[in-house]
2 protein chains.
Amino acid sequence: MNELDSFDLSILKVLQEDSSIHMQALAERVNLSKTPCWRRVKKLEESGYIRKYVALLDHRKLGLSVMAYVQVSMKDHDLNTLQVFLDFVEQSPYILDCHATAGNFDYVMKVIAADTEELENFLMRELLSSGVIQSTNTNLILRQKKSTTELPVK
Amino acid sequence: MNELDSFDLSILKVLQEDSSIHMQALAERVNLSKTPCWRRVKKLEESGYIRKYVALLDHRKLGLSVMAYVQVSMKDHDLNTLQVFLDFVEQSPYILDCHATAGNFDYVMKVIAADTEELENFLMRELLSSGVIQSTNTNLILRQKKSTTELPVK
DNA sequence: GCTGAAAGGAGAATGAG
DNA sequence: CTCATTCTCCTTTCAGC
C-alpha cells in the first residue's frame, strides 16, 4: 500500500477517535458505501497503518493518580548497560513512555503510580537498584491538560 | 460500580492490549462464559473505567517522524492568558500531550511533526505567535524506546 | 475503481432459570 | 453463571455503473 487518498485519511481519522463505530456508520461518515469502506479498513490494517485496536482506561478510576516525568542519566553507555536498562523499561508497567532525547539527560520516561509513595518506591527500589542509573530528575505532573493518542492525519 | 474484582481487572488488561478481540475469546481468556463476561464489559464501559475504544496508528507510515518535548513558560499566569494557551493546545493536532509540571517550566508538551521544518514552523509561527509564551525549550526525541497506552492494572 | 442488493454466518444482546 | 433465543451487523459475493 503506497499512498493514501482522502477516503483513507478520513477513515483513519474516525477510527483513531472511536474504533467502536460500526462499519455502516463509518461508511456514512466518510461518504462511501459499506463494501469499499470495509475493504479500505482491511487494507489499512494489513498494511500496518492501523497498528492495533485498544481500550483506553480511566487512570483515576483505577487509583493511578500520580504521574511524573523522570529524566535519567546512565552510568555507562556500552551496549550491555543499555540493554539492562531497556529490558527494565520494557518490563515495568509503571513506565508508559521512554524516549532517548537530545539534551542533558539520556532518557525521559513518563511514569504512573497510585501515589507518591508508590512512585518513590518505584524510583528507589526498582529503577535505581537496577544498577545502571547514574542520576535521575523527577518532575511531578500537576495537571494533565491534554493527552491524546490521535495523530495529526491529513 | 464500586469495586473491581479480579475478573474485571483481567478484562481491562486484555482490552487495553487488544480491543478487537471477540467476546467469546475474551470470555475464555478471563475464565468466564460469554454472557457474564459481556455484562462486565458493559458495566466497565458505563461506569467509565473504559473511556473509549480507539485505533492506534503508525506515525512513521503517516510521515510523522519527528517528536519532541517542548517545555513552555508563560508570560503571565492570569486566567485569561492561561485560557488562550489551553485553547491553543486543545486545538492543535501537533500537540499530543500537555501537562503542568512542578519545576522550572509551566508546561511540558509532547509534539509530533513530519520533519524538523514542520516542527520549527509549528513552534515559531503557531505557538509563539499565540502571544502568551515567554520562553520554550525543545528536546528532540532521538529514539522512541517504549510508548504504551496500557496502564498498570492490578 | 465505486454502488447497491442480497445471502449467509458470526457474534452481540437479552431473558429465564 | 448457564442456557437458549433473538436480532443486529459483519462479511462476502454478485450484479451493474
Side-chain angles (χ1 to χ4, degrees), chain A residues 1-59 61-63 148-154, chain B residues 1-64 114 148-151 153-154:
Chain A
M1 194 166 194
N2 284 331
E3 284 246 358
L4 305 182
D5 63 16
S6 69
F7 287 117
D8 295 319
L9 294 175
S10 298
I11 289 171
L12 291 179
K13 247 192 213 170
V14 173
L15 288 181
Q16 69 173 344
E17 261 176 51
D18 176 17
S19 64
S20 67
I21 188 173
H22 290 175
M23 197 53 73
Q24 184 142 335
L26 175 60
E28 285 166 16
R29 282 202 47 186
V30 301
N31 293 314
L32 281 173
S33 56
K34 259 176 13 181
T35 307
C37 181
W38 179 82
R39 271 198 264 264
R40 282 162 182 272
V41 171
K42 288 300 144 197
K43 258 201 155 180
L44 291 166
E45 291 169 355
E46 285 159 19
S47 57
Y49 282 92
I50 296 175
R51 282 173 39 226
K52 59 195 311 206
Y53 296 97
V54 302
L56 300 183
L57 309 184
D58 186 320
H59 63 269
K61 292 221 171 212
L62 292 167
T148 183
T149 57
E150 296 174 32
L151 302 178
V153 168
K154 196 189 57 148
Chain B
M1 195 167 197
N2 284 331
E3 284 246 358
L4 304 182
D5 63 16
S6 69
F7 287 116
D8 295 318
L9 294 175
S10 298
I11 289 171
L12 291 179
K13 246 193 214 170
V14 173
L15 288 181
Q16 68 174 343
E17 260 176 52
D18 176 17
S19 64
S20 68
I21 189 173
H22 288 177
M23 200 51 76
Q24 184 141 335
L26 175 60
E28 284 165 16
R29 282 202 46 185
V30 302
N31 292 314
L32 281 173
S33 54
K34 260 177 12 182
T35 306
C37 181
W38 177 82
R39 274 196 251 264
R40 281 164 184 272
V41 171
K42 287 302 143 193
K43 258 201 156 179
L44 291 166
E45 290 169 356
E46 284 160 19
S47 58
Y49 282 92
I50 296 174
R51 282 173 39 227
K52 58 195 313 205
Y53 296 97
V54 302
L56 299 184
L57 309 185
D58 186 319
H59 64 269
R60 300 211 166 164
K61 291 220 171 213
L62 291 167
L64 298 164
T148 183
T149 57
E150 296 175 32
L151 302 178
V153 167
K154 196 187 55 144

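Every heavy atom of this structure was used, including side-chain atoms; hydrogens, water molecules and symmetry mates were not. Order of the sequence lines sets the chain letters (A, B, ...), proteins ahead of strands, with each chain counted from 1. Remember, predicted model here, so these are calculated numbers, not experimental data.
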Closest to side chain of A/H22, choosing from C/dA13, C/dC2, D/dC9: D/dC9

Donor-acceptor pair, side chain of B/S19 and main chain of A/Y53, under 3.5 angstrom: yes

CD-CZ distance between B/Q24 and B/R29, expressed to the nearest 0.5 angstrom: 14.5 Å

A/S33 side-chain proximity, nearest of C/dG4, D/dC10, D/dC1: C/dG4

Polar pair under 3.5 Å, donor/acceptor by atom type, side chain B/T35, base D/dC3: yes

Distance in angstrom units between A/F7 CZ and C/dC2 P, rounded: 7 Å

Presence of A/K34 side-chain N/O under 4.0 Å of D/dC10 phosphate oxygens OP1/OP2: no

Among C/dA13, D/dC1, C/dG1, the one nearest B/R40 by side-chain distance: D/dC1

A/L4 CG to A/L12 CG distance, which is reported to the nearest 0.5 Å: 6.0 Å

B/K52 and A/E150 ion-paired at < 4.0 Å: yes

Whole angstrom value for the distance that separates C1' of C/dG11 from CZ of B/R39: 16 Å

Atom pair distance, as rounded to whole Å: CD in A/Q24 and C1' in C/dG11: 17 Å

Between C/dA12 (P) and B/M23 (CE): distance, integer Å: 5 Å

P-based separation of D/dT11 from C/dA13 [nearest Å]: 14 Å

Interatomic distance where CG belongs to B/L32 and P belongs to D/dC1 [whole Å]: 5 Å

Strand DNA chain D in bracket notation, Watson-Crick/G-U under 3.5 Å with | for pairs to another chain: |||||||||.||||.||

B/L26 vs B/L32, side-chain contact (heavy atoms from CB on, under 4.5 Å): CA-CA, chis, key distance, verdict: CA-CA 8 Å; B/L26 175 60; B/L32 281 173; over 6 Å; no

Whole angstrom value for the distance that separates C1' of D/dC1 from CG of B/D5: 13 Å

Length of the CD-P vector between A/E28 and D/dC10, whole Å: 11 Å

Between C1' of D/dC10 and OH of A/Y53, the distance in whole Å: 13 Å

Phosphate-side-chain proximity, B/W38 and C/dA12, N/O vs OP1/OP2 below 4.0 Å: no

Shortest non-hydrogen separation from A/V54 to B/T149 and the atoms involved: CG2-OG1, 3.9 Å

Shortest non-hydrogen contact from B/R40 toward B/F7: NH1-CB, 3.4 Å

